[in-house]
There are 2 protein chains.
Amino acid sequence: MSNSKLYKGSLTTIILKLLNENDKMYGYEITQKVKELTKGELKITEGALYPALHKLEAEGLLDVEVAKVDNRLRKYYKLTETGTKETVNKLEELAEYIKTMQALVNPKLA
Amino acid sequence: MSNSKLYKGSLTTIILKLLNENDKMYGYEITQKVKELTKGELKITEGALYPALHKLEAEGLLDVEVAKVDNRLRKYYKLTETGTKETVNKLEELAEYIKTMQALVNPKLA
DNA sequence: AATATATACATAATTTTCTTATGTATAAGA
DNA sequence: TCTTATACATAAGAAAATTATGTATATATT
């Protein structure tokens, strides 16, 4: 991502969550979806995204399927069974993190 | 931090926020305060904390004052004027980030 | 027809920000 | 006496980004 306030470590969670909702997506689609959902707040850069996808695939959390659309390459990624389980963990971690940060930063509301 | 689910980039915000509330604190005190406020969820390691403090000082966001208590060294840090302004920015960024992540991860509630 | 923008992938160099390991030193508790 | 707590620090390495490139096709603009 560029310009944005993204904390390192959350990209994986974002990818997994999107794939959990959308069954299969390709890289470019993910960048566009994030831009759309965050109203331009978050821009995922290719330099971050593609290595992240490759890593998740290598770890067995994602499966790939190559397709050719309009004479252009697309790599569709989808969650494996392990990936689906890991998505649950990552989302719990994120919720936990947000709670913890709010306790630190806004102790009155905790 | 160790063991924890902390996303990289939030340590600076935590330090600034604590100093904003407590006027002046020393490093070890910060580690203990974070542990206390997060009920042990977050443990700031010295390897992360001290370099972060030095960096904030070098950037002019913190001032240091060395003291000797019980024959042991303490370095009290406090926000400079610039540091106070930057604290506001960092807290806004964090709030924004949390909002953005919730929009991504829990679009129904957004 | 030429050029810019969008689509779609990828990697390399560098930077930021941690973790882990190590080191020094004093005080207090078992 | 030995461990734990207090209090600082840095170095090596890893993780995860950013920034800069590179390739290639399709579409929109001038």
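Throughout, a chain's letter reflects where its sequence line sits, starting with A, and its residues are numbered from 1.
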Take atom [atom1] of [X] and atom [atom2] of [N], then tell me their distance rounded to the nearest Å.
X       : N      : atom1 : atom2 : value
B:Lys90 : C:dT16 : NZ    : P     : 12 Å
B:Leu49 : D:dA11 : CG    : P     : 17 Å
B:Glu29 : D:dA7  : CD    : P     : 9 Å
A:Tyr28 : D:dA26 : OH    : C1'   : 12 Å
A:Lys24 : C:dA8  : NZ    : P     : 13 Å

Measuring to OP1 and OP2 of [N], would you say a side-chain N or O of [X] lies under 4.0 angstrom away?
X       : N     : answer
B:His54 : D:dC8 : no
B:Tyr26 : D:dA7 : yes
A:Tyr50 : C:dC9 : yes

- Contact check, side chains of A:Ile30 and A:Ile14, non-hydrogen atoms, under 4.5 Å: no
- Item | Any side-chain heavy-atom pair of A:Leu91 and A:Thr87 under 4.5 Å | yes
- Message: Quick test of your reading: applying salt bridge (charged side-chain N to carboxylate O under 4.0 Å, His left out), list the pairs with at least one residue in residues 44-63 of chain A, sequence neighbours left out, ordered by first then second residue.
- Response: A:Lys55-A:Glu59
- Query: Which pairs pass side-chain hydrogen bond (donor to acceptor under 3.5 Å, both in side chains) with one or both residues in residues 72-84 of chain B, sequence neighbours excluded?
  - Reply: B:Tyr26-B:Arg74, B:Arg74-B:Tyr76
- State, to 0.1 Å, how close A:Leu11 and A:Ala52 come at their nearest heavy-atom pair, and which atoms those are. CD2-CB, 4.0 Å
- Item | Considering all heavy atoms, the nearest A:Pro51-A:Ala48 contact | CD-O, 3.6 Å
- Query: Using links of under 4.5 Å between side-chain heavy atoms of ILVMFWY residues, direct or through other members, which residues join A:Val66 in one cluster?
  - Reply: A:Leu73
- More 5' along DNA chain C: B:Gly47 or A:Pro51, using each one's nearest nucleotide? A:Pro51
- Residues in salt bridge (charged side-chain N to carboxylate O under 4.0 Å, His left out) contact with B:Glu21, at least two apart in sequence or another chain: B:Lys17
- Where the side chain of A:Lys55 is defined as all heavy atoms beyond and including C-beta, which of D:dA16, C:dA8, D:dT10 is the nearest nucleotide? D:dA16
- Message: For DNA chain D, which residues of residues 67-77 of chain A approach it to below 4.0 angstrom with any heavy atom?
- Response: A:Asp70, A:Asn71, A:Arg72
- Task: Test for a donor-acceptor pair under 3.5 Å between the base of C:dT16 and the side chain of B:Lys8, counting only N and O atoms.
- Result: no
Please tabulate the protein-to-nucleotide N/O contacts below 3.5 Å involving nucleotides 21-23 of chain D, giving atom names and distances.
none

- Note on the structure: Result for side-chain contact (heavy atoms from CB on, under 4.5 Å) between A:Glu86 and one of A:Leu79, A:Leu16, A:Leu62 points to A:Leu16
